[in-house]
There are 4 protein chains.
Amino acid sequence: MAGVNKVILLGNLGADPEVKYLEGDNVVANLRLATTESYKDRNGNKVEQTEWHDLELWGGQAKVAEQYLKKGMQIYVEGKIKTDSWQDDQGQNRKRVRIRVLSFTMLGGRQDSGSAPPAMDQGAPQAAASKPQPASTPAPDLSGDDDDLPF
Amino acid sequence: MAGVNKVILLGNLGADPEVKYLEGDNVVANLRLATTESYKDRNGNKVEQTEWHDLELWGGQAKVAEQYLKKGMQIYVEGKIKTDSWQDDQGQNRKRVRIRVLSFTMLGGRQDSGSAPPAMDQGAPQAAASKPQPASTPAPDLSGDDDDLPF
Amino acid sequence: MAGVNKVILLGNLGADPEVKYLEGDNVVANLRLATTESYKDRNGNKVEQTEWHDLELWGGQAKVAEQYLKKGMQIYVEGKIKTDSWQDDQGQNRKRVRIRVLSFTMLGGRQDSGSAPPAMDQGAPQAAASKPQPASTPAPDLSGDDDDLPF
Amino acid sequence: MAGVNKVILLGNLGADPEVKYLEGDNVVANLRLATTESYKDRNGNKVEQTEWHDLELWGGQAKVAEQYLKKGMQIYVEGKIKTDSWQDDQGQNRKRVRIRVLSFTMLGGRQDSGSAPPAMDQGAPQAAASKPQPASTPAPDLSGDDDDLPF
DNA sequence: TTTT
DNA sequence: TTTT
């Protein structure tokens, strides 16, 4: 009943988005996001530790990602953990964990640009999942087909 | 631009919800929520500290709150900080901070009940703001008028 | 640089904690946590979806978990995503995702009890990772060995 | 008991930090942070809404803020809501809400620079409250006096 | 004004 | 008072 499954990430993209257009007008984008933390070990040496996350975006969000996100960019992400399970060739149970992105925001102003798309000023920097909540994570002009999400 | 303003609270209600039905079929519920933390001070004495939060819910959520939430209950809340500003009688600038609730969940199973409403088992315990995101914070059978929110 | 990797979960334990005492006075507890969301599909039928999470707690937290957490209990958890990678027998790259718990709180008052430990009233319900931040996630009387965490 | 009071903000600083050195070697920094959301109203017009937050940082964090944060910078913040209450001259109850910052991160790479301090690459961009949790929100070389916080 |  |  009534659980909470929430992930908040802030990091840098390890590659450009991989976007697939599926049957039924669906779109999915996959991203690799690195979150790095650094701390001092007991000897006072600085240690960096990077965690890589597999992100999955659907519908209109996937399209925004395809259009604006690039390798190296810093983004803020909210989503939830999703585990896919299957059996591999040897009949072994396998699973794979992904972050299903519910909203994301590009950070840092002009860290990439060059050809800063005017469309970005019209809402693209912040994208929210289907049926945007008017007052919280408003989405741009996206008429995503998110209702068709196969989750 | 593209900011994040997110609040996560888990605590107990200090009173029953106060609900107002407004013109235009709008409903608002106000809640008082206590979040308590306890720690040991430098003398090893346990100290409890309670913070009181003013919560505000609109539309279908307000109705769910009115129906199910009671003084003493423990709830989990997601929302955002909202500040109202005005001038008082002396022309002084005043402001008041509220948490605009975007979703909440009742916790702890049967901590109140007595007449545990069957509806509760059918989705009421978790309520989300207007236009529920299908895969994240699904709302019950609420046809809220959240589009009319005057925020 | 300077990333964020944060997980917030609220759900029920699928089993009692599995606790291992390691060399060097270290303790680790593993938990299975279910977060369930329910929504209506496009036909209006209610669908429930449960995600299972592997939680990992270390040191004093593991001990608190061992002592107080039981199958079925509802808990709130904050932590971060951690991926372990290794090669399996066939030389295949494998990985496994866990949630490294940084703090947790037991919910719901007396939903289990039976032999409600008096100690629970003295701080155990809320446990934080090593070196508790005095004002935020205060831990009980735990002198955990968290400094020895092999992360 | 055992509550959660958590705030996550991502926005831009409206001014340079205001830092005060107090007796007993304490330091406090106050920041004004703007979080902006934009959405389309029912007529399809884009609306921007900015919320201003009063942030409060103590000890080593305040010093990091003083040294590195500047008006206009984009930062990510975690903290908690704190309300101060008092009586004003007319004997009226007044209160003021602040965000007590527990950790923050500077965003966006080189949005200020000019004299990008080398120290920034050595840990300053991410600062955590007293007694840093080794694996989660590691702090720089700060030996803050956070134990003396009057919270 | 809640809860433990 | 920030940012886009």
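Quick caveat, the model's predicted, so the values are computed rather than measured. Residue numbering restarts at 1 for every chain, and letters A, B, ... go by the order of the sequence lines.
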Student: Tell me every residue that passes side-chain contact (heavy atoms from CB on, under 4.5 Å) with D:Asn45, counting only those two or more places apart in sequence or in another chain.
Tutor: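 Here the qualifying residues are D:Asp41, D:Asn43.
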Student: Kindly indicate, with the supporting measurements, whether the criterion side chain to side chain donor-acceptor pair (under 3.5 Å) is fulfilled by D:Tyr39 and D:Gln49.
Tutor: CA-CA 8 Å; D:Tyr39 60 92; D:Gln49 206 156 344; 3.2 Å; yes
Student: What's the CE-P distance between B:Met106 and E:dT3, to the nearest Å?
Tutor: 15 Å
Student: Among F:dT4, F:dT2, E:dT2, find the nucleotide with the atom closest to the side chain of D:Glu48.
Tutor: F:dT4
Student: Whole Å only: how far is the NZ atom of D:Lys71 from the P atom of F:dT2?
Tutor: 5 Å
Student: Can you tell me how far P of F:dT3 sits from OH of D:Tyr76, to the nearest Å?
Tutor: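 It is 22 Å, rounded to the nearest whole Å.
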Student: In whole Å, I'd like the distance from the CH2 atom of B:Trp52 to the P atom of E:dT2.
Tutor: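 One finds 6 Å between P of E:dT2 and CH2 of B:Trp52, rounded.
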Student: B:Gln49 has an atom CD; how far is it from atom C1' of E:dT2, in whole Å?
Tutor: 16 Å
Student: Could you tell me the separation between the CG atom of B:Leu33 and the P atom of E:dT3, rounded to a whole number of Å?
Tutor: 12 Å
Student: NZ of D:Lys70 versus P of F:dT2: gap in Å, rounded?
Tutor: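 My rounded result for the distance is 16 Å.
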Student: Using side-chain contact (heavy atoms from CB on, under 4.5 Å) as the criterion, list what pairs up with A:Asp16, not counting sequence neighbours.
Tutor: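 side-chain contact (heavy atoms from CB on, under 4.5 Å) list for A:Asp16, sorted by chain: A:Lys70, A:Lys71.
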Student: Could you tell me the separation between the CG atom of B:Asn5 and the P atom of F:dT2, rounded to a whole number of Å?
Tutor: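 Taking atom P of F:dT2 as the reference, CG of B:Asn5 is at 19 Å.
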Student: Between D:Lys80 and B:Glu51, is the closest basic N to carboxylate O distance under 4.0 Å?
Tutor: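 No, B:Glu51 and D:Lys80 are not salt-bridged.
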Student: If you look at every strand shown and take non-hydrogen atoms under 4.0 Å, does B:Thr50 touch a base, only sugar-phosphate, or nothing?
Tutor: base
